[in-house]
Amino acid sequence: MTGILFDMALCAALILTGWRVLHSSDHFQAVVLFITFGLILALAWVRLEAPDIAIAEAAVGASLAGVMLLDALRVMRSAGKEHEQERRWTNVARLPSFHLFFSFIAAVVVLVLLICAVLELSGRQGGLADLVHAELESSGTKHPVTAVLLNFRGYDTWIELGVLLLAVLGILTIRECSDLRSLAPPVASTIVFETLVRGIMPLVLLVSGYLLWRGGFAPGGAFQAGVVLGAGCILLWMAGHRSLAMLGDATWRILLILGFLAFLALGSSSLLHTGVFLAYDRQYASLQIFLLESAATLSIGTTLAGLVLALQPLKKDLSQANRDVR
Amino acid sequence: MTIWDIFSILFCLAGGVFFLAGVVGMLRFPDAMSRLHALTKADNLGLGFIVFGLCLRSLAVPVIIKLLLIWLTVMLASSTACYLVGNYILQKAEDRPKEN
Amino acid sequence: MTELDSFLVYALTAVTLFALGLHSLLSRRHLLRKIMGLNIMSAGAFLLFISVAHRNGKEFADPVPQAMVITGIVVSISATGFALALARRIRKKTGLTSLDYREKPSPENHNRP
Amino acid sequence: MHHFYLLMAMFLFLTILVGLLRVFIGPTTADRMLAAQLFTTTGTAICLLLAEALQLDGVRDTALVFVILSIMAVAAFVRRLVPKDPGGES
Amino acid sequence: MMVLVVVIPFSGALVCFLVPKRVRRYAGLAAAAATSLMVILFALIPKGADTFHHALGGWKRPLGIHLQADGLSIIFLLLTAVTAFLVSVYAGPYFDSPQEEKTVDHHFWTLWLLLWGGLNGLYISSDIFNIYVLLELVSLAAVALTTLKGEAEALIAALRYLMAAMLGSLVFLLGVAFLYAEYGILDLGGLGGELRATLPTITAFGLMVFGMLIKTALFPLHFWLPAAHGNAPAPVSAILSALVIKSSYFVLLRLWFEIFPSITTYAAAQLLGAMGAFAILWGSFQAVRQERLKLLVAHSTVSQIGYLFLLFPLTVAQITGEHDPSWSMQAWTGGICQAVSHAAAKAALFLAVGNIVHALGTDRLISLRDLKGRLPLSVFTIGIAGVNLMGLPPSGGFVAKWMLLNAVISSGQWWWIPIIVLGSLLTAGYVFLMLGHVFAPSRKPVLLEPVPRTLEVSAFALALCAIFIGFTTSGIIDLLQMELHAMPVPEALAWSLP
């Protein structure tokens, strides 16, 4: 009874915050509510007994996405610089009312249809859970979610790493710079924050490694570990540490593709030996999975950090700004 | 129900009271600077009591270590966060002394 | 019975969030709101997956939807990061904060109202 | 006993719901950010209580991730505005 | 063997990411050649069950992801391989030319090879969630490629494209969630076998089809397409128009004929056909009105997509088994021929237009007059590609439209005839609009930028391919008939558990 009440409170809060995120008048309020939405969603994952996703959501929805949005909001709110080019466009003051009416009707129709469909869902206990548990022994890991991610559906994970790589490449393309070496070194932050980051970094690395190690038998794994690692890199940057700016171009590139490459290498070698792509050797499966996960962790961490860092000021921007000041 | 459980319940309740105080302060205090104080009470004491109550409940060393680690980190992070926000408010006030 | 009920609560929330996100994607102009709308839509889709996983599972939620949702979260954060980068770049190059625009404006009204 | 922790978690969740008011009414950005910070701590406490109530060990890791990354949003929030941050993707 | 068509381009992408800038172009071209060769080899090998079916990781059907190919997959793989190779040949000098100095050290090759691998992956995937991930890969790569020029128009178009693509994928994903909730499996064949006509199933069907329609840019969901295709660099426009659109169309075919054949109705098929008809008319009407060459070609894509959707109303009776299957086979041939010949012709057109823009420095239609008979090969390419789009013999486009008309007549759905005829007339209108400007007297002498020979020849080769499809009509129809027998029948592809 308590449980269902809690569920209802969670869901009501999700809908309330979701609605306010999208329809509050103030953009900053919307971003704060979005962070809160992520937090409530993480609690919902906990209630739904999906701690793996809760960890991921805590790191992504509540922290990383929040940082991205706050950064973007700050930039989009500030008055743009005029020297870039003469402005040829302006925002439309308001949309025609038939547009608003149409979108409202469309959303309501979709909502009604979806609600009917959900109510009609047969309560059949289907799913692949039993199959996963039956094959868990031979998968090389003891945690079912890791087994699905790395073994049964490893192909999806491989392509997902490709998507991550693409996102960073896309951002670099937009910024018209070839790699993260073109970033200007970070600006120094306050001493208090820097001290905190100094103190907390070992903990971040520890937690990242811990999550990676836990993934073999309990909730955790490459993605969660990677997000924590990436967040740690962003923290370092925000605190003004220059260590990341000193990584060489080759290092950046290799770190970015390491996970994708590891999957590719393992898949190809198993294709050569057994004729099956991404098949694990029964004997060494857990070791292979652990190596893959480590590579993926490094890549995911670098990539997610790259998603934020690639948007920071570039060296050429800085010199441009200095010229403008003079 | 053992004596540990009763203490655990008591500590959790105390933590709950501090969280309640935190949220009431967050709503009732007049400006952002004073609301900082409400936040720290909930962070340090509220979570502290709850962590302590849960430690009494579980009595397993790894869990207790993890719980205490969480509490310590929260104290560090939240005091830094409060410092940063406080600093930000001051700077804002310097930039635009007329506003509000 | 209670499991089924909690399944319904979450599944209905899921589709509501999806429709909310869809509505804001269609009706809000500011790019940040559109991007947040897409994120809330994906949160809705993920919630439907996991409520199904919770219903299917016995002592542990069905791991296949969990894995799919983790994959989905990665994909969604990548796309969000990319979309935000594009939005920022557009803001820098043109001063626009939405994709509904007119050409050749009077110079003073390029800032957001 | 489990019910107590679940109730406690629910109570803390209600405080979050009440605290949302502060995000809605503002008035300054700092107020809203402070409220979000309070929610993160409350969320951590809820995670810990739920971990005990549902006997899920992994949930404590969720709480751990929450706390070590909670500082990120605030740090992103207080970063200098564009004029003092020359260049920036502005 | 089959998985190599994905592995090779992905490896090539990584190599291109790591090698120094000087050799990147050659590495990219080598990877493109290797991928094309691999696809051709794969199409030529003797056909047996295990060459067309691969269990990734060795896991059984409902648990693991399986790859499978049929005739349709092979046609799309080949079409991608040929077009993509010629576009790659074009892209090398295009991106190295001094005009493109601005985008130094770009990631074109990495993005493009990842995109190609994703396309190939889509054609052989048989798992709906895997299709979702691949669709995202393809969309992100396509959007990133659109931004390569970095102009404000391109960025705006790219963001609109990204939003549309993400919306399409999310709607598709929600459909996947409904299917998983109802059936507990993700496998194409398995789902097709188990399907019941319940409300959640129909909702999933509607969601997934709608998502793919957004990505395929069927009227009226085409709002994002002209700007994105019109503002990208020439080879990227060719890739987007010729290949990326086709991938979501392919997924739509898979959904319609493999998962949901038991619940598709006559009315739904007629609706798709009607949207296609409006696309044909609206797209070509808009194309005639354009003043910019690239936008004209982009609007022509909107119109040509419409023809692809005439396939659905003309085959739906075959599924219900009410009618003579011979004409639905003609509809299939027509639809697929249209996809293939449009890919080649549209790629050729975009590349040729790219040459002209390269030479003139502008893509105003009016400035075509300044060509004064120079760049004859590119102009000739435009002519050939135009013949193809209009559907004049001898060309792939002619075969496509002829087959579609035959199917229309045999099926008695006479109302499509005026659409097809009118569409061809309007197409002729915008093709002659382009060519008319070329032969009109010029305004003033203009100094042309020299165009590298490779650019002109590769565009011309693509146009020849489009014509070649018309010359080998009977062979292609035989191939289609042989392979497509299996298509509408789920049993032939529903692999039993190993």
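None of these values were measured; they are calculated from a predicted model. Residue numbering restarts at 1 for every chain, and letters A, B, ... go by the order of the sequence lines.
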Next item on the list: Report yes if the distance between the aromatic ring centroids of A:F277 and E:H54 is under 6.0 Å, otherwise no.
Entry: no
Notebook entry, point to check: Can A:H143 and A:D52 be counted as having a side-chain donor-acceptor contact under 3.5 angstrom?
Noted result: yes
Check: With a 4.5 Å heavy-atom cut-off, do E:P62 and A:L131 have their side chains touching?
Finding: yes
Item checked: Part of A:V110 lying under 4.5 Å from any heavy atom of chain E -> neither
Item checked: Heavy-atom proximity to chain A below 4.5 Å, by part of E:L115 -> neither
Check: What part of A:I171 lies closer than 4.5 angstrom to a heavy atom of chain E: side chain, backbone, both or neither?
Finding: neither
Next item on the list: Please look at E:L137 and chain A and tell me whether the side chain, the backbone, both or neither of the residue comes under 4.5 angstrom of a heavy atom of that chain.
Entry: both
Notebook entry, point to check: Given a strict heavy-atom distance threshold of 4.5 Å, which part of A:L271 is in contact with chain E: side chain, backbone, both, or neither?
Noted result: side chain
Margin query: Is it the case that the ring center of E:F95 lies less than 6.0 angstrom away from the ring center of E:F108?
Written below: yes
Notebook entry, point to check: Side-chain contact, heavy-atom cut-off 4.5 Å: E:L179 with E:F205?
Noted result: no
Checklist line | Geometric class of the A:W158/A:F260 ring pair [parallel <30°, tilted 30-60°, perpendicular >60°] | finding: parallel
Margin query: Ignoring hydrogens and geometry beyond distance, is a side-chain donor-acceptor pair present between E:W59 and A:N151 at under 3.5 Å?
Written below: yes
Margin query: Please classify the contact of A:F152 with chain E as side chain, backbone, both or neither, using a heavy-atom distance under 4.5 Å.
Written below: both
Notebook entry, point to check: With a 4.5 angstrom heavy-atom cut-off, which part of E:I202 approaches chain A: side chain, backbone, both or neither?
Noted result: neither
Notebook entry, point to check: What part of A:V148 gets closer than 4.5 Å to chain E, counting heavy atoms only: side chain, backbone, both or neither?
Noted result: neither
Check: Between E:D127, E:V143, E:T201, E:L145, which shows the greatest number of heavy-atom pairs under 4.5 Å with chain A?
Finding: E:D127
Item checked: Pick from A:L278, A:V163, A:L113 with the largest number of heavy-atom pairs that fall under 4.5 Å of chain E -> A:V163
Notebook entry, point to check: Is the E:W112 ring parallel, tilted or perpendicular to the E:W116 ring (thresholds 30°, 60°)?
Noted result: parallel
Item checked: Aromatic contact, A:F101 with A:F104 (centres under 6.0 Å) -> no
Margin query: Using a 4.5 angstrom heavy-atom cutoff, name the option from E:S11, E:G121, E:A144, E:A204 with the most pairs to chain A.
Written below: E:S11
Margin query: Just so I understand: if I count every heavy-atom pair under 4.5 Å between each of E:L67, E:L134, E:N130 and chain A, which residue has the most?
Written below: E:N130
Check: Using a cut-off of under 4.5 Å for heavy-atom pairs, which of E:L207, E:L14, E:T147 has the most such pairs with chain A?
Finding: E:L14
Notebook entry, point to check: So which part of E:A55 gets closer than 4.5 Å to some heavy atom of chain A, the side chain, the backbone, both or neither?
Noted result: backbone
Notebook entry, point to check: chain A heavy atoms under 4.5 Å from E:V7: which part of the residue, side chain, backbone, both or neither?
Noted result: both
Note to self: Heavy-atom cut-off 4.5 Å, strictly under: side chain, backbone, both or neither for A:L128 against chain E?
What the structure shows: both
Next item on the list: Quick one: closest heavy-atom pair of A:P144 and A:H133, and the distance?
Entry: CG-CE1, 3.9 Å
Notebook entry, point to check: Is there side-chain contact between E:W109 and E:V15, with at least one heavy-atom pair below 4.5 Å?
Noted result: no
Next item on the list: Would you mind checking which part of A:S138 comes under 4.5 Å of any heavy atom in chain E, side chain (CB onward), backbone (N, CA, C, O), both or neither?
Entry: both
